[in-house]
Amino acid sequence: MLKYLKKYWMWCLLAPLFMLGEISMDLIQPDMMSTIVDDGVLVQNMSVILKTGIQMILLVFFGGICGILSGVFANFAAQQFGNDLRKDVFKKIMQLSFQQTDKISTGSLVTRLTNDVSQVQMMVMMSVRSVVRCSVMFAGGLLMLYRQSPRFALIAACALPFLVFFVVFFMKKASPMFVLVQKKLDGINNIMQENVAGARVVKAFVQEDYEVKRFDRANDELCNTNLRVQSLLAFMNPCMNIVLNICVVAIIYVGGITVKGGSEMSPGDIMAAITYMALILHGLTFMANIFQTFTRAKASIDRINEVLSCDNIIYDGNSAAPFGIEGEIEFRNVSFAYPDAPEHAVLNGISFKLHKGETLAIIGATGSGKSSLVNLIPRFYDATEGDIFVDGLNVKEYPLKALREKIAIVMQKAELYSRSIEANIRWGKPKATPWEIKTAAEIAQADDFICNTPNGYYTPVTEGGHSLSGGQKQRLSVARAILKNSEILIFDDSTSALDLRTEAELYRAMGDRCKDITKIIIAQRIASVKGADRIAVLENGKISAYGTHEELLRISNVYQEIYNSQLKGGVSDGE
């Protein structure tokens, strides 16, 4: 974490320097108060009282200025540190592969990016400001106390082992609880994220009460864990205050004996000694609170480092993108198993070749591996065995950005963002002209419904696209992919919410205006795939049949069953 502070070293240096100025003024005050008592009040000398009082006010003002500047510099360093760290954590999250994000929940990533970074940011601010304050307050107070009387310093020294014991004992007990608190916060964020994203499902199944109770349980667990931590730490300050009061009583007692024995020690000296003792103990008490912050921050640092230290699983290749061939795809004996279940192969021995401008449709039962197959092309995952080639080059040899720029993909779940319809489509090509955006929407059969919205293409879309129907969201997602104008276009069951006529018009428009784009279409309906150049029937992770619609009707029993159940059973093909 220190590397994030290097460029703010000046602020990190100025903050403790000005804090030294503030603490120095605090350490001078008790001696000046002693002068007022001994040389002013006791002998009724008003000039000493006024002169010393004015000096104290000026020094307090100067110390206040130093404290303000110290706070400004410390906050600047801490805020900039947190800003840089948060950006790097988010950048790393964006670079994580699906395999890595599958292991860490969305709620946990949100907690690490927000709450955990804030905890570390607080630690930084205390490190450059409060640590200096406490250390100087303790060391300076002890030195000034020694000047008053070595006996007083000895009393403080005797109390020190007890104070250290309390700090170490309570921090050791609290440390694992801080980790648990952050995990409980992960759970809260997970439930919140799931319910906000799935609000319609919750309401459709009338599960509001169940979800409220689930949130309540998670929130109660967080509250109870926090209570255990704070209850434990609540004992620390009283224990330290007991030691403080015993030390004050000891100083009064020793001071009284010393004065009674004829020493030159004055009431003002004893008053100053008590004040210095209070400063020492206050410094130690504040240091204990800093240790609490550091312990909590240590748990957050470990969680942040878990993200930052994730090694890339999907690496960039070193070859430049090939020229000449555009949109050719080839699978050579490809097999794949998900990392969390390596013994269970999702795909086995997949081989096919697709030329530029051709359309491959993939059909099969749920769980047959259709989505897993297309996820291997842009390297969302890497094949376990075999090789995948795009334009004659192994996908593992491509730089990831170059590979994914060649591919436009429309996922099963249409993902839209809280911005205008135009901005959602433009996401596929940020510098697109209004004409290009409208053309992509026309091909996706979205232009008509967009023009009927209150503000047309500038109508805002609510978070998650909840202001639109499923079919509308899918058409906007298709328009976004078409606008990208990539060499390869993948539809992962992304027209399932469209009626057959709209879907047929979409494919007809794509056939007319996207002739040179290689297309892979995953679908569940025969009507969606029958016009493809070739159709692959997936069954248990293998291609059981491969050919045109007419060929599969002759050679594939699985395809025949799907065809008969959908079309001969009375379902229209949309034509």
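Here, residue 1 is the first one in the sequence, and each next residue gets the next number. These numbers were taken from a predicted model, which means no experiment stands behind them.
- Side chains of Ser372 and Tyr338: a donor-acceptor N/O pair is present below 3.5 angstrom, by distance only.
- The existence of a salt bridge linking Arg332 and Glu330 is confirmed by a sub-4.0 Å separation between a basic side-chain nitrogen and an acidic carboxylate oxygen.
- Taking the charged nitrogens against the carboxylate oxygens, Asp88 and Lys92 have no contact shorter than 4.0 Å, which rules out a salt bridge.
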* Asked: Given Leu85 and Phe90, is the side chain to side chain contact (heavy atoms under 4.5 Å, CB included) satisfied, shown in steps?
  -> CA-CA 9 Å; Leu85 179 59; Phe90 183 76; over 6 Å; no
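- No donor-acceptor distance shorter than 3.5 angstrom exists from the side chain of Ser420 to the backbone of Pro460, with no hydrogens or angles considered.
- Counting only distance, with no hydrogens or angles, the side chain of Arg426 and the backbone of Ala432 share a donor-acceptor pair below 3.5 Å.
- Listed for the Thr518 side chain is no donor-acceptor partner under 3.5 Å among the backbone atoms of Ile488.
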* To do: Show the numbers, then the answer: is there a ring pair (Phe, Tyr, Trp, His ring centres under 6.0 Å) between Tyr8 and Phe81?
  => CA-CA 8 Å; Tyr8 308 114; Phe81 165 88; 8.5 Å; no
* Assess whether salt bridge (Lys or Arg N to Asp or Glu O under 4.0 Å) is satisfied between Lys298 and Asp302, documenting all intermediate values. => CA-CA 6 Å; Lys298 174 62 169 60; Asp302 291 341; 2.9 Å; yes
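- Salt bridge status for Asp84 with Lys7: present, with a side-chain N to carboxylate O gap under 4.0 Å.
- Pairs engaging residues 426-446 under the ring-ring contact (aromatic ring centres under 6.0 Å, His included) rule: Tyr417-Trp427 [sequence neighbours left out].
- Legend: residues meeting side-chain contact (heavy atoms from CB on, under 4.5 Å) with Thr502, ordered by chain and number and at least two apart, are Gln445, Arg475, Leu498, Asp499.
- Between the side chains of Thr111 and Asp186, at least one donor N or O lies within less than 3.5 Å of an accepting N or O.
- Rounding to the nearest 0.5 Å places CD1 of Ile388 at 8.0 Å from CG of Asp382.
- Distance check, rounded to the nearest 0.5 Å: CG of Leu468 to OG1 of Thr462 gives 6.5 Å.
- Listed for the Gln80 side chain is no donor-acceptor partner under 3.5 Å among the backbone atoms of Ala77.
- Between the side chain of Glu358 and the backbone N or O of His355, at least one donor-acceptor pair lies under 3.5 Å.
- For Asn219 (side chain) and Phe215 (main-chain N/O), no donor-acceptor pair under 3.5 Å exists by modelled atom type.
- With values rounded to the nearest 0.5 angstrom, Asn115 atom CG is found 6.0 Å from Ser300 atom OG.
- Shown here are the side-chain contact (heavy atoms from CB on, under 4.5 Å) partners of Glu385, two or more places apart in sequence or in another chain: Ser335.
- Among Lys484, Lys429, Arg480, the one residue that satisfies the salt bridge (charged side-chain N to carboxylate O under 4.0 Å, His left out) test with Glu436 is Lys429.
- In this view, Phe449 satisfies the ring pair (Phe, Tyr, Trp, His ring centres under 6.0 Å) rule with no residue, not counting sequence neighbours.
- Listed by chain and number, the residues in a side-chain contact (heavy atoms from CB on, under 4.5 Å) with Glu221 are Lys184 (sequence neighbours excluded).
- Going from atom CG of Asn424 over to atom NZ of Lys473 covers 11.5 Å, rounded to the nearest 0.5 Å.
- Within the 3.5 Å criterion, the main-chain N or O of Cys514 finds a donor-acceptor partner in the side chain of Lys519.
- In this structure, Glu505 CD and Leu500 CG are separated by 11.5 Å, a value rounded to the nearest 0.5 Å.
- Side-chain atoms of Thr384 come within 3.5 Å of backbone atoms of Ala337 as a donor-acceptor pair (strictly under, hydrogens ignored).
- Under the 3.5 Å distance criterion, the side-chain polar atoms of Asp492 are left unmatched by any main-chain donor or acceptor of Val410.
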* Evaluate the side chain to side chain contact (heavy atoms under 4.5 Å, CB included) criterion for residues Asp391 and Tyr398: first the C-alpha distance (whole Å), next the side-chain angles of each, then the deciding distance (0.1 Å), finally the verdict. => CA-CA 11 Å; Asp391 294 343; Tyr398 275 93; 3.7 Å; yes
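- Counting heavy atoms of neighbouring residues, nucleotides and ligands inside a 6.0 Å radius, atom CE of Met122 does not exceed 12 of them.
- Under the rule for a ring pair (Phe, Tyr, Trp, His ring centres under 6.0 Å), the partners of Phe331 that lie at least two apart in sequence or sit in another chain are Phe352.
- Remark: Asn540 CG is loosely packed, at most 12 non-hydrogen atoms of other residues, nucleotides or ligands lying under 6.0 Å away.
- A distance of 9.5 Å separates OG in Ser486 from NZ in Lys406, rounded to the nearest 0.5 Å.
- Of the charged side-chain nitrogens involved, none lies within less than 4.0 Å of a carboxylate oxygen, so that Arg534 and Glu551 do not count as a salt-bridged pair.
- With salt bridges taken as basic N to acidic carboxylate O contacts below 4.0 Å, one links Asp116 and Arg303.
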* Asked: Going through the distances and angles, do Leu538 and Ile363 end up as a side chain to side chain contact (heavy atoms under 4.5 Å, CB included)?
  -> CA-CA 6 Å; Leu538 272 188; Ile363 196 167; over 6 Å; no
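- Taking the side chain as every heavy atom from C-beta outward, Leu489 and Ile520 never approach each other to under 4.5 Å.
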* Step by step, would you call Ile425 with Ile450 a side chain to side chain contact (heavy atoms under 4.5 Å, CB included)? -> CA-CA 11 Å; Ile425 298 175; Ile450 293 174; 4.1 Å; yes
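- Ion pairing between a basic and an acidic side chain is recognised when a charged N comes within 4.0 Å of a carboxylate O; Glu503 and Arg525 show such pairing.
- Ring planes of His549 and Tyr563: tilted class, angle from 30 to 60°.
- In this pair, Phe491 and Tyr507 present their aromatic rings tilted. The plane angle is within the 30 to 60° band.
- Note on Lys438 versus Asp447: salt bridge recorded, some NZ/NE/NH1/NH2 to OD/OE distance being below 4.0 Å.
- Between Arg404 and Pro378 there is a side-chain heavy-atom pair separated by less than 4.5 Å.
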